[in-house]
Student: 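This is the structure I want to talk about, given as structure tokens.
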Amino acid sequence: MQRASADSVVVLDFETTGLSPQYGDRAIEIGAVLLENGVIVDRFQRLMNPGFRISPFIESYTGITNEMLKVEPPCEEVMAGFSDFIAGHNIVAHNASFDRRFLDFELKRARRAYEGDCCCSLLLSRRIYQDAPNHKLQTLVNHAGIPKVGSFHRALADAEMTAHLWLSMIDRIRQHYGVQAIFFDQLTELSKIDKLYAHRYLTDLANG
DNA sequence: TGCCAGGCCCTCTTTAGGGCCTT
């Protein structure tokens with residue numbers, strides 16, 4: 001099997017009604033970009049109707065209103081289409097455990113499943129940008145000098161900025177450590193090791 | 001309408017507690 005390059009992935013972001021699908025929360029927007037060799041070559045963005053009114057807090061937080069959602073298709077219909085978009089790709093998300101819970105929950109309701117691997121840009125940023133004031137997406141975008149795209153807390157904009165953050169971390173590894181080719185599973189492993197050993201891990205990668 | 005979770009990670013730790021991150 002051919003090893004997956006780190007810069008050919010789908011970067012995704014959910015907007016949801018809350019924090020936990022186990023307590024009744026649902027997805028209301030999915031945004032994703034397909035990176036191929038470090039370039040965004042495709043985009044996916046859909047609003048979806050969760051079947052109940054969303055709270056004023058979520059309306060204010062995301063800018064997505066009940067008025068906007070009432071004409072949108074149900075989650076199951078949107079997620080069936082998204083399942084086709086991510087098929088065959090590894091995925092990246094900022095605080096991926098959150099997005100993965102909603103991805104698995106909504107795909108299960110749509111009678112679909114995702115079998116690929118998942119890497120967390122938040123965990124990775126704690127190893128790569130140890131000098132950042134914090135590791136919120138908005139802070140890291142400013143810290144890394146990434147151009148702002150659209151509005152924070154909208155799915156496609158957050159996915160696109162997360163994709164540029166992902167690429168900036170790959171560039172930083174290449175420039176600082178001289179790593180020529182870096183693979184998805186290596187970044188996944190880096191995101192999970194004790195961050196004190198991140199420097200040693202990257203030095204070992206550079207030395208083969 | 002308002003509430004909720006969970007994994008990572010640090011430290012005044014490991015027989016625990018609490019902040020960070022996501023909506």
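Below, chains carry the letters A, B, ... as their sequence lines are ordered, and counting in each starts from 1.
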Student: Between B:dC21, B:dT23, B:dG6, which nucleotide has the shortest distance from any of its atoms to the side chain of A:E15?
Tutor: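 Among the listed nucleotides, the one closest to the side chain of A:E15 is B:dT23.
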
Student: A:Y61 has a side chain; which of B:dT23, B:dG7, B:dC8 sits nearest to it?
Tutor: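 Among B:dT23, B:dG7, B:dC8, the one nearest the side chain of A:Y61 is B:dT23.
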
Student: Anything under 3.5 Å between a protein N or O and an N or O of nucleotides 11-14 of chain B, put it in a table, one pair a line.
Tutor:
none

Student: For A:H153 and A:T62, test the side chains for any donor-to-acceptor distance below 3.5 angstrom and give the result as yes or no.
Tutor: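 No pair is found: no donor N or O on one side chain lies under 3.5 Å from an acceptor on the other.
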
Student: With rounding to the closest Å, how many angstrom separate the C1' atoms on B:dG2 and B:dT23?
Tutor: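 Rounded to whole Å, the distance is 15 Å.
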
Student: Taking the nucleotide of DNA chain B with the nearest heavy atom to each, does A:H153 or A:S191 sit closer to the 5' end?
Tutor: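 Closest to the 5' end, via its nearest nucleotide, is A:S191.
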
Student: From the list B:dC9, B:dA5, B:dG6, which nucleotide is the closest neighbour of the side chain of A:S97?
Tutor: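 Output: B:dG6.
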
Student: With DNA chain B as reference, determine whether A:D13 or A:R101 sits nearer its 5' end, using the nearest nucleotide of each.
Tutor: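 Going by which nucleotide is closer to the 5' end, it is A:R101.
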
Student: Does the plane of the ring in A:F98 sit parallel, tilted or perpendicular to the ring in A:F102? Use 30° and 60° as the thresholds.
Tutor: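 It falls in the tilted class, 30° to 60°.
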
Student: With side-chain hydrogen bond (donor to acceptor under 3.5 Å, both in side chains) as the rule and sequence neighbours excluded, what pairs involving residues 189-199 of chain A come up?
Tutor: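 Output for this query lists A:Y177-A:H199.
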
Student: A:D25 and A:T16: side-chain donor and acceptor closer than 3.5 Å?
Tutor: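 No, A:T16 and A:D25 have no side-chain donor paired with an acceptor closer than 3.5 Å.
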
Student: Is the distance between the ring centroids of A:H135 and A:Y129 under 6.0 Å?
Tutor: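 No, too far apart.
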
Student: Calculate the interatomic distance between A:L123 atom CG and B:dG6 atom C1'; express it in whole Å.
Tutor: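 Atom-to-atom, A:L123 to B:dG6, this comes out as 12 Å.
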
Student: Does A:H135 place a side-chain N or O at less than 4.0 Å from the phosphate oxygens OP1/OP2 of B:dC21?
Tutor: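 The answer is yes; a side-chain N or O of A:H135 sits under 4.0 Å from OP1 or OP2.
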
Student: Salt bridge or not for A:R112 and A:E106, using N-O below 4.0 Å?
Tutor: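 Looking at A:E106 together with A:R112, the answer is no, because their closest N to O distance does not fall below 4.0 Å.
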
Student: Of all the nucleotides listed (B:dC4, B:dC9, B:dT22), which has the minimum atom distance to the side chain of A:Y23?
Tutor: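 Of all the options, the side chain of A:Y23 is nearest to B:dC4.
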
Student: Could you give the CG-to-C1' distance, from A:L19 to B:dA5, as a whole number of Å?
Tutor: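 Atom-to-atom, A:L19 to B:dA5, this comes out as 7 Å.
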
Student: Among B:dC20, B:dC10, B:dT22, which nucleotide sits nearest the side chain of A:R126?
Tutor: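 Of the candidates, B:dC20 comes closest.
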
Student: When you look at CZ of A:R174, are more than 12 heavy atoms from neighbouring residues, nucleotides or ligands closer to it than 6.0 Å?
Tutor: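 Count over threshold, so yes.
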
